[in-house]
Amino acid sequence: MDVPLLLLPGTLCDARLWDPLRERLAHPDVRMPLLLGADTPSAMAALVLRDAPPCFSLAGFSLGAIVALEIAAQAPDRIRRLALISGNAHPDPPESIARRHSLLRAVLDEGMGAVVERTLWPHYVAASRQGDAALRALIVTMAERIGVDGLRTQNGIAIHRADSRPRLAALTMPVLAVAGAEDALCPPSRSVEIAASVADGRAAILEGVGHFVPLEAPQALAAHLSAWLAADSTHRRSERNA
């Protein structure tokens, strides 16, 4: 039996982010911790590691990918495989920090749902999914559950993240980097960069998909993760998928 698979969600996301993927991914032991309880990447990584099994495969989406990179830096020998979905190894630039603080103020003034629909939703998904009311409602519902305090905590994780690029070359486990070709928040070039920087890396860029890969393209993501879960040899390549 394979080792447990840990799935780390993104900002303002809970375990429902992974439901469409889990339905398509044949894995006997999937665990989905929330990114709450610590406001720096190092502290959040320590919390995840405290409750994690001795050895596991790890996949993180967006903010979860940032935490996953920190976990890989803290405990590389415990991670069998690493997948970074809509990931970014760069530090948070000053302009993003200012936007995060502005977003939090807006949520305090207007409410979570209104801000997510007006400010975040247009950047979350591909053009073809902008009219998907059910998907928008799910994302709003998750955000409202995480709430203002959760957003404040998760902003801290994003703001205080390290520049992980110098640490990538030390990773020896199979690394999969998946991105949507229409990701307006995290350019797919960041995933290509990650895959090219590790010894055993592969990038998969999904056409017609935005930032929310697990909800926009669960079938394609499941196929890539299934191959990643079976990975046992060194390879480096990039794939672009229609």
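- From Leu58, atom CG reaches atom CG of Leu6 across 6.0 Å, with rounding to the nearest 0.5 Å.
- Partners of Tyr124 under the ring pair (Phe, Tyr, Trp, His ring centres under 6.0 Å) rule, at least two apart in sequence or in another chain, are Phe212.
- Without hydrogens or angle criteria, Gln74 side chain to Ala45 main chain gives no donor-acceptor distance under 3.5 Å.
- Taking all atoms of both residues into account, the shortest heavy-atom contact from Pro4 to Cys55 is CD-O, 3.6 Å.
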Using the rule given for side-chain contact (heavy atoms from CB on, under 4.5 Å), can you reason through Phe56 versus Leu49, listing the C-alpha separation, both sets of side-chain angles and the distance that settles it, and then say yes or no? CA-CA 10 Å; Phe56 54 92; Leu49 284 166; 3.9 Å; yes
Kindly determine whether Val198 and Thr172 satisfy side-chain contact (heavy atoms from CB on, under 4.5 Å), including the steps that lead there. CA-CA 7 Å; Val198 300; Thr172 59; over 6 Å; no
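- Applying the side-chain contact (heavy atoms from CB on, under 4.5 Å) test to Arg105 and every residue at least two apart in sequence or in another chain returns His101, Ser102.
- Counting non-hydrogen atoms of other residues, nucleotides and ligands closer than 6.0 Å to CZ of Arg22 gives a total of 12 or fewer.
- No continuous path of hydrophobic side-chain contacts links Leu120 to Ile97 [ILVMFWY only; heavy atoms under 4.5 Å].
- By the 4.5 Å heavy-atom criterion applied to side chains, Pro53 and Arg31 are counted as neighbours.
- A distance-only check finds no donor-acceptor pair linking the side chain of Ser86 to the backbone of Ala179 [under 3.5 Å].
- For Arg24, there are no salt bridge (charged side-chain N to carboxylate O under 4.0 Å, His left out) partners, not counting sequence neighbours.
- Leu135 CG to Leu138 CG: the interatomic distance, rounded to the nearest 0.5 Å, is 6.5 Å.
- Judged by distance alone, with hydrogens and angles left aside, the side-chain atoms of Gln130 form a donor-acceptor pair with the main-chain N or O of Pro122 at under 3.5 Å.
- Between Leu82 atom CG and Leu69 atom CG the span is 6.0 Å, to the nearest 0.5 Å.
- Remark: Asp132 engages Arg129 in a side chain to side chain donor-acceptor pair (under 3.5 Å) (not counting sequence neighbours).
- Atom CG of Leu151 sits about 5.5 Å away from atom CG of Leu103, to the nearest 0.5 Å.
- Residue Ala68 comes nearest to Leu8 through the heavy atom pair N-CD1, 4.0 Å, listed as atom of the first residue, atom of the second, then distance.
- Taking the salt bridge (charged side-chain N to carboxylate O under 4.0 Å, His left out) definition, one finds that Arg78 meets it with nothing, sequence neighbours left out.
- Annotation: ring pair (Phe, Tyr, Trp, His ring centres under 6.0 Å) contacts involving residues 168-189, sequence neighbours excluded, are absent.
- With sequence neighbours excluded, the residues that form a side-chain contact (heavy atoms from CB on, under 4.5 Å) with Arg145 are Asp14, Arg16, Leu34.
- With values rounded to the nearest 0.5 angstrom, Glu144 atom CD is found 11.5 Å from Ile146 atom CD1.
- Panel note: side chain Gln154, backbone Leu12; a donor-acceptor pair is recorded below 3.5 Å.
- Looking only at distances, a side-chain donor or acceptor of Ser226 sits under 3.5 Å from a matching main-chain atom of Ala222.
- Linking Ile, Leu, Val, Met, Phe, Trp and Tyr whenever their side-chain heavy atoms come within less than 4.5 Å puts Leu215 and Met32 in one cluster.
- Between Asn88 and Cys186, the shortest heavy-atom distance links the atoms CB-SG, 3.6 Å.
- Contact annotation: the side chain of Pro9 never approaches that of Phe61 to less than 4.5 Å [non-hydrogen atoms, C-beta and beyond].
- The minimum heavy-atom distance between Glu182 and Gly208, with the atom names listed, is OE2-CA, 3.5 Å.
- For the residue pair Val140 and Gly113, the shortest heavy atom distance occurs at CG1-CA, 3.8 Å.
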Quick one: do Asp200 and Arg81 satisfy salt bridge (charged side-chain N to carboxylate O under 4.0 Å, His left out)? Show the steps, please. CA-CA 10 Å; Asp200 190 1; Arg81 307 171 189 85; over 6 Å; no
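- One distance of note links OG of Ser62 with CG of Leu185; it measures 7.0 Å at 0.5 Å rounding.
- Partners of Ala83 according to the side-chain contact (heavy atoms from CB on, under 4.5 Å) rule, which considers only residues two or more places apart in sequence or in another chain, are Ala59, Leu176, Leu225, Trp228.
- Placement of Ile159 and Leu35 in two distinct hydrophobic clusters is found when ILVMFWY residues are connected by side-chain heavy-atom separations under 4.5 Å, directly or transitively.
- Here ring pair (Phe, Tyr, Trp, His ring centres under 6.0 Å) pairs that include residues 161-206, with residues two or more places apart or in two chains, number zero.
- Side-chain contact check for Val148 versus Leu104: some heavy-atom pair is nearer than 4.5 Å.
- Side-chain contact check for Leu25 versus Leu5: some heavy-atom pair is nearer than 4.5 Å.
- Side-chain atoms of Leu7 and Pro214, non-hydrogen and from C-beta on, never get closer than 4.5 Å to each other.
- Proximity of Pro166 to Asp163: side-chain heavy atoms (C-beta onward) are separated by under 4.5 Å at one or more points.
- Under the 4.5 Å side-chain criterion, counting only non-hydrogen atoms from C-beta, Ile157 is not in contact with Arg161.
- Looking at Val125 and Arg136, their side chains never come closer than 4.5 Å, going by heavy atoms from C-beta outward.
- The salt bridge (charged side-chain N to carboxylate O under 4.0 Å, His left out) test applied to Glu216 returns no partner, not counting sequence neighbours.
- The salt bridge (Lys or Arg N to Asp or Glu O under 4.0 Å) contacts involving residues 63-76 comprise Glu70-Arg167, where partners must be two or more places apart or lie in separate chains.
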Apply side-chain contact (heavy atoms from CB on, under 4.5 Å) to the pair Ser191 and Val178, showing each step before the final yes or no. CA-CA 6 Å; Ser191 292; Val178 184; over 6 Å; no
Stepwise, does the side-chain contact (heavy atoms from CB on, under 4.5 Å) test hold for Arg100 with Asp92? CA-CA 10 Å; Arg100 294 183 198 284; Asp92 210 25; 2.8 Å; yes
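- Take Glu193 and apply the side-chain contact (heavy atoms from CB on, under 4.5 Å) test, not counting sequence neighbours, and it matches His90, Arg165, Arg190, Ser197.
- One finds no salt bridge joining Asp39 and Arg152 here, because no Lys/Arg side-chain nitrogen approaches an Asp/Glu carboxylate oxygen to under 4.0 Å.
- Between Ala227 and Arg202, the shortest heavy-atom distance links the atoms CB-NH2, 4.0 Å.
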